[in-house]
Amino acid sequence: TYVANILIAVNPYREIKDLYSPSTINKYNGRSLGELPPHVYAIADKAIRDMRVLKSSQSIIVSGESGAGKTESTKYLLKYLCYSSNDSSGPIEQKILDANPILEAFGNAKTTRNNNSSRFGKFIEVHYDGKSQVVGGYISHYLLEKSRICT
Ligand SMILES: Nc1ncnc2c1ncn2[C@@H]1O[C@H](COP(=O)(O)OP(=O)(O)OP(=O)(O)O)[C@@H](O)[C@H]1O
């Protein structure tokens, strides 16, 4: 559900058919917040539209307790941000998406609350040109749980 333009998402702990499919990306493309059922794609679309209209950078903050689904939601947000302008992802978009498994391999760990818990914070930037095409990205990492590092 929404509280104003904040999306409250509950982790379903199972795959919901078609919830994040390419056809759902197309469905949310260009639609105002609230027009369709609440969705992370609607938040991503609003960020893109506000960036175009206001000509300024937009931020999406994903917060919640461990296991709430922040990492998964962030991946879907990124997927939307990378796909919606193009219908398919070019080499830059693909590199941004492909960076995730590498970062997870080094920075995630199994905990009692989450089998794939991120043990570091991420600030992910997606850079667009004047035509709203993705031209770059940057992932800053911080607060790595160093006590888990063995070598
Ligand atoms: N939208 C979703 N659909 C299906 N399963 C999900 C979804 N979101 C999360 N999950 C499941 O819940 C698990 C935990 O989610 P996730 O790692 O995103 O939590 P988190 O909030 O990032 O936790 P942490 O703070 O520990 O990193 C995932 O590995 C996945 O199995």
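Remember, it's 1-based here, ligands and their atoms both numbered in the order they're listed. Values below: all heavy atoms of this structure, side chains included; hydrogens, waters and symmetry mates excluded.
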**Student:** Could you walk me through whether Glu104 and Arg119 pass the salt bridge (Lys or Arg N to Asp or Glu O under 4.0 Å) test, one step at a time?
**Tutor:** CA-CA 9 Å; Glu104 286 191 11; Arg119 307 318 295 167; over 6 Å; no
**Student:** Among all protein non-hydrogen atoms, which one is nearest to atom 27 (O) of ligand 1, and what is the separation to 0.1 Å?
**Tutor:**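 I find the closest protein heavy atom is Ser118 N, 2.8 Å.
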**Student:** Tell me the protein heavy atom at minimum distance from atom 22 (O) of ligand 1, and give that distance in Å.
**Tutor:**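 Of the protein heavy atoms, Thr71 OG1, 2.5 Å lies nearest.
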**Student:** Enumerate the atoms of ligand 1 whose separation from the nearest heavy atom of Gly67 is less than 4.0 angstrom.
**Tutor:**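 Counting from 1, the qualifying ligand atoms are 19 (O), 20 (P), 21 (O), 23 (O), 24 (P), 26 (O).
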**Student:** Could you list the atoms of ligand 1 found under 4.0 angstrom from a heavy atom of Ala68?
**Tutor:**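 So the answer, numbered in order with elements, is 19 (O), 21 (O).
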**Student:** Below the 3.5 angstrom mark, is there an N/O of Ser73, backbone or side chain, next to an N/O of ligand 1?
**Tutor:**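 No, no N or O pair falls under 3.5 Å.
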**Student:** Under a 4.0 angstrom heavy-atom cut-off, which atoms of ligand 1 come close to Asn116?
**Tutor:**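 Close to Asn116: 17 (O).
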**Student:** Name the option, out of Val10, Asn11, Thr74, Val62, that contains the heavy atom nearest to atom 5 (N) of ligand 1.
**Tutor:**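 It is Asn11 whose heavy atom sits nearest to atom 5 (N) of ligand 1.
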**Student:** Looking at ligand 1, would Pro12 count as a contact under a 4.0 Å heavy-atom criterion?
**Tutor:**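 The answer is yes: ligand 1 sits under 4.0 Å from a heavy atom of Pro12.
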**Student:** Could you tell me the residue and atom name of the protein heavy atom closest to atom 31 (O) of ligand 1, and the distance to it rounded to 0.1 Å?
**Tutor:**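 For atom 31 (O) of ligand 1, the nearest protein heavy atom comes out as Tyr13 CD2, 4.9 Å.
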**Student:** Just checking, is any N or O donor in the side chain of Ser66 or Arg113 under 3.5 Å from an acceptor N or O on the other one?
**Tutor:**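 No.
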**Student:** What atoms in ligand 1 come closer than 4.0 Å to a heavy atom of Ser117?
**Tutor:**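 Those of ligand 1 that fall under 4.0 Å from Ser117 are 24 (P), 26 (O), 27 (O).
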**Student:** Assess, by modelled atom type and distance only, whether the side chains of Thr24 and Ser21 contain a donor and an acceptor separated by less than 3.5 Å.
**Tutor:**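 There is such a pair between these side chains.
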**Student:** Would you mind running through ligand 1 and noting each atom that sits below 4.0 Å from a heavy atom of Glu65?
**Tutor:**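 It comes down to these atoms of ligand 1: 21 (O).
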